[in-house]
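Contents: one structure, followed by commentary.
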Amino acid sequence: MSELQQEPTATQGEGRYVVGDPIGDTRAPDSPIGDRWADRKFSARLVNPANRRKMSVIVVGTGLAGGAAAATLGEAGYHVKSFCYQDSPRRAHSIAAQGGINAAKNYRYDGDSIHRLFYDTIKGGDFRSRESNVHRLAEVSLNIIDQCVAQGVPFAREYSGLLDTRSFGGTQVSRTFYARGQTGQQLLLGAYQALERQVHAGTVEMHPRTEMLDLIVVDGRARGIVTRNLFTGEIDTHLADVVILASGGYGNVFYLSTNAKGSNVTAAWRAHKRGALFANPCYTQIHPTCIPVSGEYQSKLTLMSESLRNDGRVWVPKERGDDRNPNDIPEDERDYYLERQYPAFGNLVPRDIASRAAKNMCDAEHGVGPGGLGVYLDFKDAIERLGRNAVEAKYGNLFEMYQRITGDDPYEVPMRIYPAIHYTMGGLWVDYDLRSTIPGLFVGGEANFSDHGANRLGASALMQGLSDGYFVLPTTVADYLADAPFDEVPADHPAVVEAVDSTRARIDKLLSANGHRTVDSFHRELGQLVWDQCGMARSKEGLEKALDRIPSLREEFWRDVKIVGTGDGFNQSLEKANRVADFMELAELMCMDALHREESCGGHFRVEHQTEDGEAERDDENFSYVAAWEYGGDNQRPVLHKEDLEFSYVHPSQRSYK
């Protein structure tokens, strides 16, 4: 039994899990919240520059968090090994982010401040995030913009030369810096250039087309990873003094999502099975502004930036089943439902609220397009007010992308949009230092749970990734490495051999199944099940149905999956099977987490718990905590550890955007 685990209690959720000892963050200083990060930086121990050259760091992932961390640690003098499964670091999924990055610069002088960004983020996450981490994020946002401008990131500028900003959902100020609809791409290229500079300098060793398949834990510390070369199939080990996971989120468990097809949970999940707690897995984000599904053949969805809701107006026909051309529907027969329901924020309500509102309209038969699964995002008024050239300057590449995919010209007819899985707020549990529960394992960016609570505000993902990578991890990793040197780990150490053997055995088991169903068929079935029962709306009945079905589907997968080819070489079918096998296990924990949380908050909407007007109804008395899950072992119940959330600077209240 784990040190964190205790005997089962009466609150086990019908015996599906065990309640363990509470967990807490002990790294944040006991200072006023505005002083905590400064105090932590000063108290963090330093490593002599000459000693840094003797220390090694593994960074898994080359998106904004991973790329920034590897570049910064390399420049500091550590020997860094950087890993990505893509053919180049610049193809990390951060490149797909579109609309912008938040920062409390207050260039518009419209009332923004560090405290307001802190408050908006806590409120936007429905009071389910940790105050210390969120306030640090708001503070560091100022440094991020300066860092990126110094790197040459081409942010949009006003005529005067001042950096331009726009609004995003959940705020009433203009704090989002952007580069048209390519902000993620431009920020990633900035981090990529910094990373490649260190590769050239010899401080960073780059390993592309290499996937992490296990974590090596020696004497309780993370000391390395097991990898597979995706070209040659070679299984290898890489050892270091510390491991940083910045491997992104797990939205692809749903099969259809806005994530890149290669995005997966494997690195984080294998670390979880080695002892890292997984926090709030049921907190997944539905993005309201995606191109609707067009057919069963589809393998992913396309995001249209939330920035479009600055000038686009969301509406549906007032008459049910109205299938007229939208341009033929007069104004008085249109329902601009977000403006009607949420007059204070209008079309810029947070993502969870906008998504549920769109679903409700479609469920009430006011939806448009095939199957009635769509609502309109209309730019007619903006074009008339600003002129086509001004709209094109802001959103031209997004409009072009929409037209290429749908065949419709959004300058002439409204876009059709519908909610889709986009981001995951859950992830590996970390403390203020971004340390997981395995010493030596740090987690950054979307792979951790730390900053967004039950709903992420738009344009905050890029902010968190760069905050973790450029500013937090270099400080906190150094504090950990101040205890070095650690004992050298030989390649034939029993823990290393066991990790390699278990990886090979897993691959052999997948290849030996020789069944009748493709990996994609299993993934699609799992994704549909999780979307139906643990998507935009969850219920006790639906979650129990999913929890009854997932174990049998997982058994079928291992028995009947068909993988062509061998493990000796390039084999994308094997790659996908490895990832889907982890999704099969994660999906069960997601549904269990959603079932145990008898409340609605942010993106977690239990239909049994809603206000009279259909909004999420929290239960602060019983569920104001982080749910951190411990892996109990194969075919064993997981263990739930609770981190109580304390609010000293923001008072939890019923979220209102009206």
Side-chain angles (χ1 to χ4, degrees), residues 33 97 99-104 110-141 165-176 249 280 282-289 305-307 309-310 338 341-342 344-357 419 422-427 446 448-465 467 536 599-605 611 615-618 620 623-624 626 645 647 649-658:
I33 198 164
I101 177 171
N102 288 330
D110 56 358
D112 202 10
S113 65
I114 289 173
H115 187 80
R116 189 174 296 278
L117 175 53
F118 161 65
Y119 174 81
D120 286 346
T121 304
I122 292 283
K123 177 184 175 183
D126 216 351
F127 305 96
R128 289 294 176 262
S129 49
R130 188 191 289 152
E131 280 190 337
S132 296
N133 290 67
V134 175
H135 197 278
R136 177 176 62 192
L137 179 65
E139 290 178 59
V140 173
S141 72
T165 55
R166 56 192 179 199
S167 296
F168 257 61
T171 68
Q172 291 179 305
V173 296
S174 182
R175 67 161 66 102
T176 304
N280 300 334
C282 79
Y283 286 170
T284 54
Q285 180 165 81
I286 316 293
H287 198 295
T289 317
S305 170
E306 181 172 311
S307 64
R309 288 197 279 144
N310 271 278
L338 290 178
Q341 296 174 6
Y342 307 98
F345 283 74
N347 296 296
L348 286 175
V349 292
R351 292 174 176 179
D352 59 317
I353 291 175
S355 295
R356 280 197 298 275
H422 177 57
Y423 187 90
T424 53
M425 286 77 67
E446 192 179 356
N448 75 36
F449 89 101
S450 66
D451 291 358
H452 306 297
N455 173 65
R456 177 177 67 81
L457 291 183
S460 288
L462 304 181
M463 179 172 59
Q464 187 206 347
S467 169
M536 270 195 284
E599 66 165 352
S600 291
C601 55
H604 168 65
F605 191 75
T611 62
E615 302 293 348
E617 187 173 47
R618 294 195 321 272
D620 290 336
F623 292 98
S624 185
V626 175
L645 293 170
F647 295 95
Y649 296 87
V650 175
H651 180 67
S653 59
Q654 175 63 41
R655 225 175 22 146
S656 175
Y657 292 91
K658 296 182 178 182

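Distance check: Glu599 CD to Arg618 CZ gives 7.5 Å after rounding to the nearest 0.5 Å. Rounding to the nearest 0.5 Å gives a distance of 5.0 Å between OG of Ser450 and CG of Asn133. Atoms CZ and CZ, from Arg356 and Phe605 in turn, are 5.0 Å apart once rounded to the nearest 0.5 Å. Taken from CG in Leu645 to OG in Ser624, the straight-line distance is 4.5 Å, to the nearest 0.5 Å. Interatomic distance, Ser656 OG to Gln654 CD, rounded to the nearest 0.5 Å: 7.5 Å. Put simply, OG1 on Thr284 and CZ on Arg456 are 12.5 Å apart, with the number rounded to the nearest 0.5 Å.
Looking only at atom types and distance, the side chain of Gln464 has a donor-acceptor partner in the side chain of Asn448 under 3.5 Å away. With no hydrogens or angles considered, a side-chain donor-acceptor pair links Thr424 and Glu446 at under 3.5 Å. With no hydrogens or angles considered, no side-chain donor-acceptor pair links Thr176 and Thr165 at under 3.5 Å. At a cut-off of 3.5 Å, with distance as the only test, a side-chain donor of Asn455 or Asp352 sits close to an acceptor on the other residue. Neither side chain, Asp110 nor Ser174, offers a donor N or O lying under 3.5 Å from an acceptor on the other.
Shown here is Arg166, whose CZ atom has more than 12 heavy atoms of other residues, nucleotides or ligands within 6.0 Å.
A donor-acceptor pair under 3.5 Å links the side-chain atoms of Asn310 to the main chain of Ser307, judged by distance alone. Under the 3.5 Å distance criterion, the side-chain polar atoms of Ser460 are left unmatched by any main-chain donor or acceptor of Met463. Although no hydrogens or angles enter the test, the distance criterion places a donor-acceptor pair under 3.5 Å between the side chain of Thr121 and the main chain of Leu117. With Thr289 contributing its side chain and Ser305 its backbone, the two residues share no donor-acceptor pair below 3.5 Å. In this structure a side-chain-to-backbone donor-acceptor pair under 3.5 Å is missing from Arg351 to Ile286.
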task: Quick one: do Tyr283 and Cys601 satisfy side chain to side chain contact (heavy atoms under 4.5 Å, CB included)? Show the steps, please.
output: CA-CA 9 Å; Tyr283 286 170; Cys601 55; 3.4 Å; yes
query: Can Arg175 and Asp120 be said to form a salt bridge (charged side-chain N to carboxylate O under 4.0 Å, His left out), step by step?
result: CA-CA 11 Å; Arg175 67 161 66 102; Asp120 286 346; 3.0 Å; yes
message: Apply side chain to side chain contact (heavy atoms under 4.5 Å, CB included) to residues Leu457 and Phe168 and explain how you reach the verdict.
response: CA-CA 8 Å; Leu457 291 183; Phe168 257 61; over 6 Å; no
Verdict with reasoning, Asp620 to Arg128, per side chain to side chain contact (heavy atoms under 4.5 Å, CB included): CA-CA 9 Å; Asp620 290 336; Arg128 289 294 176 262; 2.9 Å; yes
task: Might you work through the side chain to side chain contact (heavy atoms under 4.5 Å, CB included) test for Val134 and Arg130, ending with a clear yes or no?
output: CA-CA 6 Å; Val134 175; Arg130 188 191 289 152; 5.9 Å; no
- request: Go through His135 and Glu131 one step at a time and tell me if the side-chain hydrogen bond (donor to acceptor under 3.5 Å, both in side chains) criterion holds.
  value: CA-CA 6 Å; His135 197 278; Glu131 280 190 337; over 6 Å; no
query: Can you list the steps and then say if Glu306 with Arg309 is a salt bridge (charged side-chain N to carboxylate O under 4.0 Å, His left out)?
result: CA-CA 6 Å; Glu306 181 172 311; Arg309 288 197 279 144; 3.3 Å; yes
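Taking each heavy atom of Pro288 and Ser355 in turn, the nearest pair found is N-OG, 3.3 Å. Closest approach of Gly602 and Asp126 over heavy atoms only: N-OD2, 2.8 Å. Met425 and Ala454 make their closest contact through CE-O, 3.1 Å (heavy atoms, listed as atom of the first residue, atom of the second, distance). Of all non-hydrogen atoms in Val140 and Ser467, the two that sit nearest each other are CG1-OG, 3.6 Å. The shortest non-hydrogen separation linking Ser129 to Gly453 is CB-N, 3.4 Å.
Relative orientation of the His422 and His287 rings is perpendicular, given thresholds of 30° and 60° on the angle between their planes.
When ring centroids are compared, Tyr423 and His452 come within the 6.0 Å threshold.
Remark: Lys123 qualifies as a cation-pi partner of Tyr657 under the 6.0 Å distance and 45° angle criteria applied to the six-membered ring.
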